K.L.:
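The structure under discussion is supplied below as structure tokens; questions concerning it will follow.
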Amino acid sequence: MADLDTGRVGAAFGPGAARPRRWRRTSALRDLVRETTLAPDDLVQPLFVVEGRGERVPIASMPGVDQLSVEALAAEARELVALGIRAVLVFGIPEAKDAAGSESHAEDGVVQQAIRALKDAASELVVLTDVCLCEYTDHGHCGLLDAEGSVLNDETLEILARIAVSHGEAGADVVAPSGMIDGMVGAIRTALDEDGLQRVAILSYAVKYASAFYGPFREAAEGAPAFGDRRSHQMDPANAREALREADLDVEQGADGLMVKPALGYLDVVRRVHERHPELPLAAYNVSGEYALVKAAAVNGWLDERAAVLEVLTGIRRAGADLVITYHAKDAARWLQEPS
Ligand SMILES: [Zn+2]
């Protein structure tokens with residue numbers, strides 16, 4: 001601290017002064033004391049799968065991300081494994097939708113085909129599947145609806161359980177219920193166990209906010225609600241204590257892991273859920289709108305994409321996430337393999 005009378009640097013910088021910069025002097029010193037690591041096997045690549053043999057279909061609002069046909073998955077799986085990415089999260093876009101979302105649990109549904117194709121191509125790849133109804137219903141909501149158009153809770157649980165069982169039977173390692181329907185984890189656990197699928201883990205979207213940052217995803221997954229919104233089941237962005245309650249309930253129901261979605265506006269929630277349940281793996285979903293922000297700025301030359309992406313992903317890990325679901329996964333894995 002400078003002495004205001006003499007202008008001289010005071011005792012704090014005399015002999016024995018604390019100098020945190022000593023650890024920042026060289027790259028090797030910085031590497032040695034780095035607190036948070038980021039590796040390709042911390043990342044989960046989301047996949048949007050369509051039926052048939054079509055080519056990759058680019059998603060305009062998510063440059064670099066495509067819808068993939070089932071047939072294109074084998075090559076994709078091998079590319080991911082070569083990059084060191086060990087896990088994917090599968091979303092399906094069915095050819096036919098109806099009010100009850102019946103394609104969601106069909107044995108030859110698009111996700112069920114996708115799971116088998118991924119496992120055939122790369123059996124060691126961890127396949128997580130999204131379990132919800134919104135991509136399969138013609139109204140685009142996350143559950144069955146009553147006459148007024150409200151999402152029915154308990155009636156929806158039975159369908160979610162059927163979806164999870166069908167994914168497990170097709171070979172999924174982890175099912176990830178995303179609808180924020182009360183009781184979904186317990187209903188799915190019971191159904192999986194009754195079907196002999198004890199090996200299938202449940203990674204619950206325990207804390208999912210009604211966020212504006214899902215916009216590009218709705219183009220990617222073709223799952224925008226035809227009317228209304230999802231605020232009757234997804235959480236209010238203003239609430240954090242409620243997040244802990246949601247996490248507690250899912251743990252009580254048998255969740256094997258928890259998720260917070262989105263990530264960047266909710267890093268305090270990631271931290272609080274991590275501290276509340278340090279015994280469970282915690283995922284954070286770096287969502288489509290967050291991806292689009294970085295991409296749009298990078299395309300315009302407004303920031304250094306590589307540095308920004310690695311900083312974002314490291315920040316999510318530092319907040320307490322064990323794994324990060326991100327559309328940047330392939331780019332990040334490539335950059336992490338290069339010498340820095
Ligand atoms: Zn949904």
Side-chain angles (χ1 to χ4, degrees), residues 44 46-50 59 62 67 89-94 96-106 109-112 114 128-146 149-167 172 174-185 187-188 202-237 243 246 250 255 258-263 266 283-289 325 327:
V44 179
L47 298 175
F48 299 107
V49 184
V50 293
I59 299 161
M62 300 176 70
Q67 290 181 343
L89 173 59
V90 177
F91 295 90
I93 299 125
K97 304 191 183 205
D98 59 36
S102 36
E103 271 293 295
S104 60
H105 47 79
V110 63
V111 168
Q112 291 78 0
L128 300 88
T129 57
D130 183 81
V131 173
C132 198
L133 275 172
C134 45
E135 284 126 46
Y136 300 91
T137 49
D138 49 15
H139 46 70
H141 282 284
C142 301
L144 301 176
L145 301 182
D146 66 14
S150 298
V151 174
L152 291 161
N153 196 89
D154 299 15
E155 294 80 352
T156 298
L157 292 176
E158 191 188 325
I159 301 191
L160 296 180
R162 287 179 70 177
I163 300 172
V165 166
S166 76
H167 291 180
V174 182
V175 291
S178 62
M180 294 291 285
I181 305 296
D182 293 336
M184 64 185 184
V185 172
I188 288 171
I202 301 175
L203 173 63
S204 178
Y205 286 67
V207 182
K208 182 177 180 182
Y209 287 93
S211 170
F213 287 84
Y214 305 148
F217 174 96
R218 296 202 175 143
E219 178 192 342
E222 300 174 12
F227 58 89
D229 56 42
R230 298 195 173 135
R231 283 182 289 186
S232 78
H233 46 291
Q234 296 177 352
M235 276 184 51
D236 182 338
E246 286 283 2
D250 284 3
L258 300 171
M259 191 195 303
V260 174
K261 180 181 180 178
Y266 301 87
Y285 201 137
N286 177 215
V287 301
S288 59
I325 301 163
Y327 305 98

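These values consider heavy atoms only, across backbone and side chains, with no hydrogens, waters or symmetry-generated copies. Counting starts at 1 for both ligands and their atoms, following the listed order. Keep in mind it's a predicted model, so treat the numbers as computed, not measured.
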K.L.:
By residue and atom, what protein N/O/S atoms are less than 2.8 Å from the Zn ion (ligand 1)?
P.N.:
Cys132 SG, Cys134 SG, Cys142 SG

K.L.:
Going by heavy atoms in the side chains, are Pro225 and Arg218 under 4.5 Å from each other?
P.N.:
yes

K.L.:
Identify, with sequence neighbours excluded, every residue that meets side chain to side chain donor-acceptor pair (under 3.5 Å) alongside Tyr205.
P.N.:
Asp130

K.L.:
Does the side chain of Leu89 come within less than 4.5 Å of Thr129's, by heavy atoms?
P.N.:
no

K.L.:
Evaluate side chain to side chain contact (heavy atoms under 4.5 Å, CB included) for Leu133 paired with Ile163, printing each intermediate quantity in order.
P.N.:
CA-CA 9 Å; Leu133 275 172; Ile163 300 172; 4.1 Å; yes

K.L.:
As a test of understanding, state which of Phe217, Tyr136, Tyr327 forms a ring-ring contact (aromatic ring centres under 6.0 Å, His included) with Phe91.
P.N.:
Phe217

K.L.:
Establish, for the pair Lys261 and Tyr214, whether the NZ or CZ atom is under 6.0 angstrom from the six-membered ring centre and no further than 45 degrees off its axis.
P.N.:
yes

